[in-house]
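For reference, the structure discussed in these notes is given below.
Index from 1, following the sequence. Note: hydrogens, waters and symmetry copies are ignored here, and every other heavy atom, side chains too, is used.
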Amino acid sequence: MAQKPLRLLACGDVEGKFDMLFNRVRTIQKKSGNFDLLLCVGNFFGSIPNAEWEEYKTGIKKAPIQTYVLGANNQETVKYFQDADGCELAENITYLGRKGVFTGSSGLQIVYLSGTESLSEPVPGYSFSPKDVSFLRTMLCSTSQFKGVDILLTSPWPKYVGNFGNSSGEVDTKKCGSALVSSLATVLKPRYHFAALEKTYYERLPYRNHIVLQENAQHATRFIALANVGNPEKKKYLYAFSITPLKLMDAAELVKQPPDVTENPYRKSGKEVSIGKQIPSPEEESACQFFFDINEKQGRKRSSTGRDSKSSSHSKQPRKPPQPPGPCWFCLASPEVEKHLVVNIGTHCYLALAKGGLSDDHVLILPIGHYQSVVELSAEVVEEVEKYKATLRQFFKSRGKRCVLFERNYKSHHLQLQVIPVPLSRCATDDIKDAFITQAQEQQIELLEIPEHSDIKQGGPGQ
């Protein structure tokens, strides 16, 4: 017989408003039935002492549900947490500790990390360090059987959690939050991750914990940030949910992907966030490339180097470009070419304005000969394409723009390398990349990112 799911509540910053919180919990339980646990992230105590806590501490008042809280996030509240390893603060109210794992009798596994990020030594009593994060990772991920944890509790948001997801409102997740928490969430793969401190509610779209087509499917993660108790804007500070412990779930059921699942926000160019190291800012990032194969036919098997397994180790003789089966609008010698759109002609390529462009300065780089895709180009044509790309990047940069380049290789027999200038003041590199990934997800297209400095021919179909 399957175990009945646990019913849990999660709460944001309480900030000493204990009566308001627990009265609200009583109302919910009276209406919806009892819950098993209440998990509090963020600031449980306020910076200013109040009489409410004394009533709970002395037993005059009692929490209506078993409540687990995280530790201090500032110097003013350190005094409430005397034992770093955790302790009972009042009846039904327990401090989990600075870091560790709480496993309930049901098998539910809750990982907790108290405080805010600190990269300096000595670490304040209200902060965690890279060593704390490494400790949790080593303790939990050292076995090959590790699949993830049920719940992760942190006070700070993970940095970059908004990448590839829905809007996080007024919180800029590229600037706010902790990169160490991002790193921890990446390796622990929690099914639920709760955080607070930003005084707002944000439920991110679930994100996947595996790379599609490269790794076995894994469960998705749901990140929920909660507002502060009693906030005047009435933002959500309590979150109710049901959960069956990971260890008790059927494997196939566990890895089912929600229909709105997104890419993992902490992965950059196929690499995970490293502990204690910030992800480079958009200005420091290199260009990224994606490949989407729409060819339904199975190609020849490739070796690990990306070369065709049937190809010879001897260099191939240059081949002539294939001839079009019929009239081609883009072969420069064809009468079908609209020559009034041509801007510049080189030895192997030419530059033309786009007919019906996405912007006024949308241009195309096209081979003079008839090639269908970049992967078919000979070395001398590729060299000239790269010169055109470099020149256009330099030109548009002088006008405060950066270039987005993509190849249209769908229902077309002649390569068209699209060059779209985008104002630097309006779009960062991350925004452009996110737009491609978001649109791909909406169209149910899987994009495969080509590793930096790789030959693009390794991503395309073999010859």
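Using a 4.5 Å heavy-atom threshold, the side chains of His219 and Glu253 count as separate. Here the side chains of Ile93 and Lys62 are not in contact, with every heavy-atom distance at 4.5 Å or above. For the pair Arg98 and Asp132, the minimum side-chain heavy-atom distance is below 4.5 Å. Using a 4.5 Å heavy-atom cutoff, the side chains of Tyr160 and Pro265 are not in contact. A 4.5 Å side-chain heavy-atom check between Phe146 and Leu140 finds at least one atom pair inside the cut-off. At a threshold of 4.5 Å between non-hydrogen side-chain atoms, the residues Leu136 and Ser134 do not count as touching. Counting only heavy atoms from C-beta outward, the side chains of Val69 and Thr94 never approach each other to under 4.5 Å. Taking 4.5 Å as the limit, every side-chain heavy atom of Leu39 sits out of range of all side-chain heavy atoms of Leu9.
Looking at Ser398, its side chain does come within 3.5 Å of a backbone N or O of Phe395 through a donor-acceptor pair. Under a 3.5 Å cut-off, the side chain of Arg7 and the backbone N or O of Asn34 do form a donor-acceptor pair. In this structure, Asp260 contributes its side chain and Leu205 its backbone to no donor-acceptor pair below 3.5 Å. Panel note: side chain Asn73, backbone Ser155; no donor-acceptor pair is recorded below 3.5 Å. With hydrogens and angles ignored, the 3.5 Å screen pairs no side-chain donor or acceptor of Asn23 with any backbone N or O of Arg26. Judged by distance alone, with hydrogens and angles left aside, the side-chain atoms of Asp13 form a donor-acceptor pair with the main-chain N or O of Asn43 at under 3.5 Å. Side-chain atoms of Tyr112 come within 3.5 Å of backbone N or O of Leu96 as a donor-acceptor pair. Put simply, the side chain of Thr67 gets close to the backbone of Ile65: a donor and an acceptor are under 3.5 Å apart. With Glu215 contributing its side chain and Val212 its backbone, the two residues share no donor-acceptor pair below 3.5 Å.
Test Ile110, Asn209, Leu152, Leu153 against Pro190 for side chain to side chain contact (heavy atoms under 4.5 Å, CB included) and you get one pass: Leu152. The side chain to side chain contact (heavy atoms under 4.5 Å, CB included) test with Leu108 singles out one residue from Ile243, Thr103, Val149, and that residue is Ile243. No option in Glu52, Glu91, Glu54, Glu55 other than Glu55 meets the salt bridge (charged side-chain N to carboxylate O under 4.0 Å, His left out) test with Lys61. Of the listed residues (Tyr192, Trp157, Phe194), just one forms a side chain to side chain contact (heavy atoms under 4.5 Å, CB included) with Phe223, and that residue is Trp157. Of the residues listed (Thr116, Val41, Leu226, Val171), the one engaging Leu197 in a side chain to side chain contact (heavy atoms under 4.5 Å, CB included) is Thr116, and it is the only one.
The CG atom of Leu6 sits 11.5 Å away from the CZ atom of Phe35 when rounded to the nearest 0.5 Å. Annotation: the span from Asn228 atom CG to Tyr237 atom OH amounts to 10.0 Å, rounded to 0.5 Å. Atom CG of Asp150 sits about 12.0 Å away from atom CZ of Phe102, to the nearest 0.5 Å. The CG atom of Leu246 lies 11.0 Å from the CD1 atom of Ile151; values are rounded to the nearest 0.5 Å. Remark: Asn166 CG to Arg204 CZ distance equals 6.5 Å, nearest 0.5 Å. Distance check, rounded to the nearest 0.5 Å: CG of Asp36 to OG of Ser105 gives 9.0 Å.
A donor atom on one side chain and an acceptor atom on the other are found under 3.5 Å apart for Thr154 and His193. Side-chain contact annotation: Asn264 with Thr186, donor-acceptor N/O pair under 3.5 Å absent. Side chain to side chain, Gln218 and Lys147 fail the donor-acceptor criterion of an N or O pair below 3.5 Å. Side-chain atoms of Tyr239 and Glu203 include a donor-acceptor pair closer than 3.5 Å. Side-chain contact, Ser178 with Glu117: a donor N or O sits under 3.5 Å from an acceptor N or O.
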Go through Val181 and Val133 one step at a time and tell me if the side chain to side chain contact (heavy atoms under 4.5 Å, CB included) criterion holds.
-> CA-CA 8 Å; Val181 171; Val133 174; over 6 Å; no
Checking side chain to side chain contact (heavy atoms under 4.5 Å, CB included) for the pair Lys131/Val123: CA distance, chi angles, key distance, verdict?
-> CA-CA 10 Å; Lys131 290 181 181 178; Val123 179; over 6 Å; no
Dump the intermediate steps for salt bridge (Lys or Arg N to Asp or Glu O under 4.0 Å) on Glu170 and Lys235, then the final yes or no.
-> CA-CA 13 Å; Glu170 65 271 26; Lys235 295 177 182 177; 3.1 Å; yes
Start with the C-alpha distance between Leu364 and His362, add both sets of side-chain angles, then the distance that settles side chain to side chain contact (heavy atoms under 4.5 Å, CB included), and finish with yes or no.
-> CA-CA 7 Å; Leu364 308 178; His362 178 176; 3.8 Å; yes
Quick one: do Tyr388 and Leu417 satisfy side chain to side chain contact (heavy atoms under 4.5 Å, CB included)? Show the steps, please.
-> CA-CA 11 Å; Tyr388 267 113; Leu417 191 59; over 6 Å; no
Test Phe44 against Tyr95 for ring pair (Phe, Tyr, Trp, His ring centres under 6.0 Å), laying out the working first.
-> CA-CA 10 Å; Phe44 188 66; Tyr95 163 47; over 10 Å; no
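For CD of Glu88, the number of neighbouring non-hydrogen atoms (other residues, nucleotides, ligands) closer than 6.0 Å is greater than 12. Atom CD1 of Ile60 is surrounded by more than 12 heavy atoms from other residues, nucleotides or ligands within 6.0 Å. No more than 12 heavy atoms of other residues, nucleotides or ligands lie within 6.0 Å of CG in Asn216, so this atom counts as exposed by the packing criterion. Heavy-atom contacts from other residues, nucleotides or ligands closer than 6.0 Å to CG of Asp250 number more than 12.
Here the closest heavy-atom approach between residue Cys141 and residue Leu188 is recorded as SG-CD2, 3.9 Å. Looking at every heavy atom in both residues, Pro130 comes nearest to Leu180 through N-CD1, 3.8 Å. Ser127 approaches Ser118 most closely through the heavy-atom pair CB-CB, 3.6 Å. Considering every non-hydrogen atom in both Ala72 and Phe81, the closest pair reads N-CE1, 3.4 Å. Considering all non-hydrogen atoms of both residues, Leu405 and Arg393 come closest at CD1-NH2, 3.7 Å. Contact between Ala196 and Gly42 at its shortest, heavy atoms only, is CB-CA, 3.9 Å.
Salt bridge present: Lys199 and Glu15 bring a charged side-chain N and a carboxylate O closer than 4.0 Å. Salt bridge Lys401/Asp361: present, at least one basic N to carboxylate O contact under 4.0 Å.
A ring-centre distance under 6.0 Å is found for Phe22 and Tyr56.
Using a 30° and 60° split on the angle between ring planes, Phe18 and Phe45 fall in the perpendicular class, above 60°.
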